[in-house]
S.K.: 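One structure, pasted below without further comment.
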Amino acid sequence: MPADDAAELWKLNQRLLTRVMNAAAPQLEELGLETKEFFVLDEVDACKYPAELTRKLMLPKASVTTYLRNLVDGGLVRREIDESDLRRHRLMTTPEGQRVRAKALEALAAEFSTMMARLDERDRSELRRMLLRLLEAE
């Protein structure tokens, strides 16, 4: 695939994701979340330590620290000392964090579904197949 085709596909994908996130932003704000805070909240259970979140989300450490502070202050994430290494803090979502994450995912899914409704079932299945194929290496 020529580089300019790949670049165009990447930009189109980014535009789609941005459009979905912008459309869902008001619902996220009602839940007390900024967009990037949602991404942090969504990964807390998979990445138990701040450094893991920084690597996985490719965000600056200072940004992740700020987002985590907001999530902790909002009662959505809890920090605990890691008993196996007292220098580290382990993260976990609170029950309220799990509820907010689920509501945020519902809002994002609703916005994405609106866009996907423009495709017929065959095209949606093909898109799902292609996305899964692209992500196989993870």
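Nothing here was measured: the structure is a model prediction, and the numbers come from that model.
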S.K.: Is the shortest side-chain N to carboxylate O distance from D123 to R118 below 4.0 Å?
M.R.: no

S.K.: Kindly compute the distance separating CD (E37) from CZ (R69), expressed to the nearest 0.5 Å.
M.R.: 11.5 Å

S.K.: Donor-acceptor pair, distance only, cut-off 3.5 Å: does the side chain of S63 make one with the backbone of L59?
M.R.: no

S.K.: Do L119 and L12 land in one hydrophobic cluster if side-chain heavy atoms of ILVMFWY residues count as linked below 4.5 Å?
M.R.: no

S.K.: Compare all side-chain heavy atoms of L53 with those of L91 and state whether any distance is below 4.5 angstrom.
M.R.: yes

S.K.: Quick check: do D45 and R101 have side-chain heavy atoms less than 4.5 Å from each other?
M.R.: yes

S.K.: Should V40 and L68 be marked as a side chain to side chain contact (heavy atoms under 4.5 Å, CB included) after you check the CA-CA gap, both sets of side-chain angles, and the distance that decides it?
M.R.: CA-CA 7 Å; V40 172; L68 282 172; 3.7 Å; yes

S.K.: Return the minimal non-hydrogen interatomic distance between A107 and Q27, and the atom names on each side.
M.R.: CB-CB, 3.7 Å

S.K.: Under the criterion side chain to side chain contact (heavy atoms under 4.5 Å, CB included), which of L28, L76, L105 is the partner of V100?
M.R.: L76

S.K.: Working note: R129 + E126, criterion salt bridge (charged side-chain N to carboxylate O under 4.0 Å, His left out); need CA distance, chi angles, decisive distance, verdict.
M.R.: CA-CA 5 Å; R129 184 195 64 74; E126 183 64 9; 2.5 Å; yes

S.K.: Establish whether M115 and L127 are linked, either directly or via other cluster members, by ILVMFWY side-chain heavy-atom contacts under 4.5 Å.
M.R.: yes

S.K.: If we only count heavy atoms from C-beta on, is the I81 to R90 side-chain gap below 4.5 Å?
M.R.: no

S.K.: Any idea which heavy atoms bring A24 and L108 closest together, and the distance?
M.R.: CB-CD2, 3.5 Å

S.K.: Do you reckon F38 sits in the same ILVMFWY cluster as L16, going by side-chain contacts under 4.5 Å, direct or chained?
M.R.: yes

S.K.: Quick check against the 3.5 Å criterion: does T93 have a side-chain atom that pairs as donor or acceptor with the backbone of Q98?
M.R.: no

S.K.: I'd like to check F39 versus M21 (side-chain heavy atoms, cut-off strictly below 4.5 Å). Are they in contact?
M.R.: yes

S.K.: Determine the minimum heavy-atom distance between A104 and L31, stating which atoms define it.
M.R.: N-CD1, 3.5 Å

S.K.: Using a 6.0 Å cut-off, check whether atom CD of E80 has over 12 heavy atoms from anything other than its own residue.
M.R.: yes

S.K.: Hey, is E52 close enough to R55 for a salt bridge, meaning N to O under 4.0 Å?
M.R.: no

S.K.: Report whether L131 and M116 are members of the same hydrophobic cluster (ILVMFWY, side-chain heavy atoms less than 4.5 Å apart, transitive linking).
M.R.: yes

S.K.: Is there side-chain contact between T65 and P50, with at least one heavy-atom pair below 4.5 Å?
M.R.: no

S.K.: Shortest non-hydrogen contact from N22 to P26?
M.R.: O-CD, 3.7 Å

S.K.: Determine, for E121 against R124, whether the closest basic-nitrogen to carboxylate-oxygen distance falls under 4.0 angstrom.
M.R.: yes

S.K.: What is the distance from atom NZ of K56 to atom CG of D42, rounded to the nearest 0.5 Å?
M.R.: 9.0 Å

S.K.: In this structure, would Y49 and Y67 fall into the same cluster of hydrophobic residues linked by side-chain contacts under 4.5 Å?
M.R.: no

S.K.: Does atom NZ of K48 have more than 12 heavy-atom neighbours, drawn from other residues, nucleotides or ligands, at distances under 6.0 Å?
M.R.: yes

